[in-house]
Amino acid sequence: MQSHNDTTAKSGDPVAVLGQRIQQALAQVLGPEYADADPLVRPAQNKAFGDFQSNAAMGLGKKAGRQPRQLAQEIVDALDAGDLCEPPAIAGPGFINITIRPEALNAMLADMDQEHLGVEPLDRGHLVAVDMVGVNIAKAMHVGHLRSSIIGDSVCRILARLGYEPLPQNHLGDWGLQIGMLIDYVMQEQIDLDSLTLPDLEVAYRESNRRCKENPEALERAKARLVLLQQEQPAEIDAWHKVTRITLDACYEACDLMDLTLTRDHERGESFYRERLKPVVDALLERGIAEESEGAIIVRFPSENPSSDASGEDDEIDEEQSPLVIQKSDAGYLYATTDLAGIRYRVGELGAERLIYVVDARQRDHFKKVFTAAGMAGWDVLPGRDDSERKAELIHVAFGAVCGKDGKPLKTREGENVKLMDLLQEAVRRAQAIVQEKNPDLSDQEKAEVARAVGIGCVKYADLSSQLGKDYVFDWDRMLAFEGNTGAYLQNQYVRIRSIGRKAPDDVNPAAPFCIEKPHEKDLALTLLRYPTMLAGVGRTLEVNKLCQYLFDLAQTYSAFYTECPVLKAESPALRDARLRLCNLTAAVLADGLHLLGIRTLERM
RNA sequence: GCCCCGGUAGCUCAGUUGGAUAGAGCAGCGGACUUCUAAUCCGCAGGUCGCAGAUUCGAGUUCUGCCCGGGGCGCCA
């Protein structure tokens, strides 16, 4: 699974460099078979103990039958790291506490202070398909699309930053009975599609639904219309194109407001797979993976616990996992069929090596089954490789519900889904009011820019900053309060740094050597140096909230530095320049990270 | 009935293959502004980590059972 090895020591990462040295010591003390044991280097949990700690001696001591504390001593004796740190201390049951030397920090910071900020991208050509947004025809985007859009976009940005080539896939709901109902309705009523707006279309959609529910004849007509559409009759196709266009034009307004990188080129709706559904079913039947059952075609899954265990207490037959239906008894296909066709296309034709689905957590079981079925068919095997066994990674990035303060999924007072555009516009409006109050001197244009960046940024940050799989509480006051863990807090820290930069005199040396001495400087340096490894981890696990957490740490650490360490009024020009460079590096990391979250930075706010 | 996710401070949440005294933010209380943007910072207070067992030098973290909340469970997407 873990095809991406990030243990290669990056010269600018103290954890990696120290880890490497400790591994050498481990090999020396315990033998070469321990050369790749995890050195378990972590930032010190308590500053009083030093900067870093290694917990390796305790676990390995048990494993190798050695006394942990004594083993720790032997590791320390064998450790060759005098250029990096003070002589380590041993504490408790066998913690190795490490204090890094300022010169080492200065060198690592200089190493990091380049355009790529220490992040080493992969070679080109690693395609990743990201299934996101998932707009439905004839419906405006609502809160349900918020998370898929925001998370998917951030995932794309992060992967691109790490050298992957993300391919957003807007999996439109554009092919099914509901389209047949809608098209039949607008054609029956002779509605002029050229002057229709999305709200009109939504009304028509609801009306067509209602009719089909009440009137069997209407339903039959809709089904017949769907057949005509699927036969690609010109009139039906024309109507379908038009309703699709109306829907998407409106949806892209919301996408633009959210600054999504996704474009029209990334439309891969259900209709895209329409010719690929039958082959999916045929192939699975042919290989005996799928079978007929009660008129439908299904894929069964072997039970995970093959038989009752040794205890024999539980002699009931294991409940079989429910099967995956890929063709209905009326010969119609389902979204599982489309998803399987999608995997086949994305892996087999595009050659994507990771397929990421940013979809509601309630579909966990669905994706688990679809992924398993795809694996059974071998559709996750990457084509055209020497090592033909290399498999694409199939990942469901499941996200929880957006809830109101009452803890229940967010709805309007009328009990309807909140429209995404309304929500975004309210965010901007609320931010506008706050800018007006906090900084009335800005020009109107600047205020509008700040309101947009802050309003949208806060919504995004609130969405990305807790564990994605959990529900989260959507609370305007908390997310827009510019105190605490919010997007605006981060944006403001950036503004404060840039303000110093603007006021710096002309004679500063931008390449002045770093000079880490004070505790707050050291904290900031250590936090900055965590960035590349942190980001690589997020690229692997897609835990975007950890990027948020890191940026908040960085911003707070910077703030403490800012209050304690004068920059422009530093005691000497050399120190001033060194601190200014530290500020600039912090700004660069903050801007980079915010950009990866899809949050705009500002020069003033 | 079965499966999945969650339960940590008054509220919203972190907690990295098991590590030292469980951390933030908000709210509360007390301080710091003729500023390098106070949209900030510093300090105080606040906890039976849902409950009970098990594993071990050590458990919020692993295992088992239970309680509570949410979600899912063959022809909707």
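Not measured: the values here are computed from a predicted model. By convention in this document, chain letters (A, B, ...) are assigned in the order of the sequence lines, proteins followed by strands, and residues within each chain are numbered from 1.
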Counting the atoms with a prime plus P, OP1 and OP2 as sugar-phosphate, which does [X] contact under 4.0 Å by heavy atoms, base, sugar-phosphate, or nothing?
| X | result |
| --- | --- |
| A/Asp339 | nothing |
| A/Cys548 | nothing |
| A/Phe552 | sugar-phosphate |
| A/Asp475 | nothing |
| A/Gln67 | nothing |
| A/Ala91 | base |
| A/Val567 | base |

Would you give the length of the straight line joining atom [atom1] of [X] to atom [atom2] of [Y], rounded to the nearest 0.5 angstrom?
| X | Y | atom1 | atom2 | answer |
| --- | --- | --- | --- | --- |
| A/Ile500 | A/Tyr562 | CD1 | OH | 5.0 Å |
| A/Asp174 | A/Asn136 | CG | CG | 9.0 Å |
| A/Leu464 | A/Leu547 | CG | CG | 8.5 Å |
| A/Glu446 | A/Leu602 | CD | CG | 9.0 Å |
| A/Arg362 | A/Phe399 | CZ | CZ | 9.0 Å |

Side-chain donor-acceptor pairs under 3.5 Å in residues 568-575 of chain A, sequence neighbours left out?
{"unit_1": "A/Ser572", "atom_1": "OG", "unit_2": "A/Leu575", "atom_2": "N", "d": "3.0"}

Which atom pairs link the protein and nucleotides 56-62 of chain B when you take only N or O atoms and keep those under 3.5 Å?
{"unit_1": "B/G58", "atom_1": "O6", "unit_2": "A/Lys62", "atom_2": "NZ", "d": "3.4"}

Checklist entry - On RNA chain B, nearest-nucleotide positions of A/Val450 versus A/Asn545: which is more 5'? => result A/Asn545
Item to check | Along RNA chain B (nearest heavy atom to each residue), the more 5'-positioned of A/Val473 and A/Asn492 | outcome: A/Val473
Item to check | Short side-chain to backbone donor-acceptor contact, A/Arg69 and A/Gly92, under 3.5 Å | outcome: yes
Item to check | Any donor-acceptor N/O pair, A/Gln327 side chain to A/Ala331 backbone, under 3.5 Å | outcome: yes
Rounded distance in Å between the [atom1] positions of [N] and [M]:
| N | M | atom1 | result |
| --- | --- | --- | --- |
| B/C49 | B/U62 | P | 16 Å |
| B/G53 | B/A59 | P | 14 Å |
| B/G10 | B/G46 | P | 11 Å |
| B/A45 | B/A52 | P | 28 Å |

Checklist entry - Any salt bridge (Lys or Arg N to Asp or Glu O under 4.0 Å) pairs touching residues 552-568 of chain A, not counting sequence neighbours? => result A/Arg530-A/Asp553
Show me the protein contacts with nucleotides 75-77 of chain B, counting only N or O atoms at under 3.5 Å.
{"unit_1": "B/C75", "atom_1": "O2", "unit_2": "A/Ser329", "atom_2": "N", "d": "2.6"}
{"unit_1": "B/C75", "atom_1": "O2", "unit_2": "A/Ser329", "atom_2": "OG", "d": "3.1"}
{"unit_1": "B/C75", "atom_1": "N3", "unit_2": "A/Ser329", "atom_2": "OG", "d": "3.4"}
{"unit_1": "B/C75", "atom_1": "N4", "unit_2": "A/Glu294", "atom_2": "O", "d": "3.1"}
{"unit_1": "B/C75", "atom_1": "N4", "unit_2": "A/Glu294", "atom_2": "OE1", "d": "3.4"}
{"unit_1": "B/C76", "atom_1": "OP2", "unit_2": "A/Lys328", "atom_2": "NZ", "d": "3.1"}
{"unit_1": "B/A77", "atom_1": "O3'", "unit_2": "A/Glu270", "atom_2": "OE2", "d": "2.4"}
{"unit_1": "B/A77", "atom_1": "N6", "unit_2": "A/Tyr335", "atom_2": "OH", "d": "2.5"}
{"unit_1": "B/A77", "atom_1": "N1", "unit_2": "A/Tyr335", "atom_2": "OH", "d": "3.4"}

Checklist entry - In residues 404-411 of chain A, what residues come within less than 4.0 Å of RNA chain B, judged by heavy atoms? => result none
Checklist entry - Excluding sequence neighbours, so at least two apart, what forms ring-ring contact (aromatic ring centres under 6.0 Å, His included) with A/Tyr550? => result A/Tyr531
Checklist outcome for this item: A/Tyr205 meets the ring-ring contact (aromatic ring centres under 6.0 Å, His included) criterion, sequence neighbours left out, with none
Pair up each side-chain donor or acceptor in residues 579-586 of chain A with any protein partner under 3.5 Å, not counting sequence neighbours, and list the distances.
{"unit_1": "A/Arg579", "atom_1": "NE", "unit_2": "A/Glu521", "atom_2": "OE2", "d": "2.8"}
{"unit_1": "A/Arg579", "atom_1": "NH1", "unit_2": "A/Pro566", "atom_2": "O", "d": "2.7"}
{"unit_1": "A/Arg579", "atom_1": "NH2", "unit_2": "A/Glu521", "atom_2": "OE2", "d": "3.4"}
{"unit_1": "A/Arg581", "atom_1": "NE", "unit_2": "A/Asp113", "atom_2": "OD2", "d": "2.7"}
{"unit_1": "A/Arg581", "atom_1": "NH1", "unit_2": "A/Ala512", "atom_2": "O", "d": "2.8"}
{"unit_1": "A/Arg581", "atom_1": "NH2", "unit_2": "A/Asp113", "atom_2": "OD2", "d": "3.2"}
{"unit_1": "A/Asn584", "atom_1": "ND2", "unit_2": "A/Leu580", "atom_2": "O", "d": "3.4"}
{"unit_1": "A/Thr586", "atom_1": "OG1", "unit_2": "A/Leu582", "atom_2": "O", "d": "2.8"}

Modelled atom types, side-chain donor and acceptor of [X] and [Y], under 3.5 Å:
| X | Y | value |
| --- | --- | --- |
| A/Arg496 | A/Ser559 | yes |
| A/Lys369 | A/Ser322 | yes |
| A/Ser465 | A/Gln549 | no |
| A/Asp13 | A/Thr533 | yes |
| A/Lys447 | A/Gln436 | yes |

From the options [options], select the nucleotide whose nearest atom is closest to the side chain of [X].
| X | options | answer |
| --- | --- | --- |
| A/Asn439 | B/A39, B/G19, B/C36 | B/A39 |
| A/Asn46 | B/C36, B/A14, B/U21 | B/U21 |
| A/Arg362 | B/G72, B/G74, B/A14 | B/G72 |

Item to check | Residue pairs involving residues 453-464 of chain A (criterion side chain to side chain donor-acceptor pair (under 3.5 Å); sequence neighbours excluded) | outcome: A/Arg147-A/Asp463, A/Tyr461-A/Asn485, A/Asp463-A/Tyr472
Checklist entry - A/Phe371 vs A/Phe367 aromatic rings, parallel, tilted or perpendicular, using cut-offs 30° and 60°? => result tilted
Give each protein N/O atom lying under 3.5 Å from an N/O atom of nucleotides 41-46 of chain B, with the pair distance.
{"unit_1": "B/C41", "atom_1": "OP1", "unit_2": "A/Tyr489", "atom_2": "OH", "d": "2.5"}

Checklist entry - Between B/G71 atom C1' and A/His396 atom NE2, what is the distance in whole Å? => result 12 Å
Next on the checklist: Measure CG/A/Asn485 against P/B/G15 and give the value in whole Å, please.
Outcome noted: 12 Å
Next on the checklist: How would you summarise protein contacts on nucleotides 4-11 of chain B per nucleotide, using B for base, S for sugar-phosphate only and - for none, with heavy-atom distances below 4.0 Å?
Outcome noted: SSSS---S
Next on the checklist: Stem finding on RNA chain B, please: runs of three or more consecutive Watson-Crick or G-U wobble pairs, both distances under 3.5 Å, sorted by first number.
Outcome noted: B:1-7 with B:67-73, B:10-13 with B:23-26, B:28-32 with B:40-44, B:50-54 with B:62-66
Checklist entry - Should A/Gln53 and A/Ile98 be marked as a side-chain contact (heavy atoms from CB on, under 4.5 Å) after you check the CA-CA gap, both sets of side-chain angles, and the distance that decides it? => result CA-CA 6 Å; A/Gln53 63 185 62; A/Ile98 298 164; over 6 Å; no
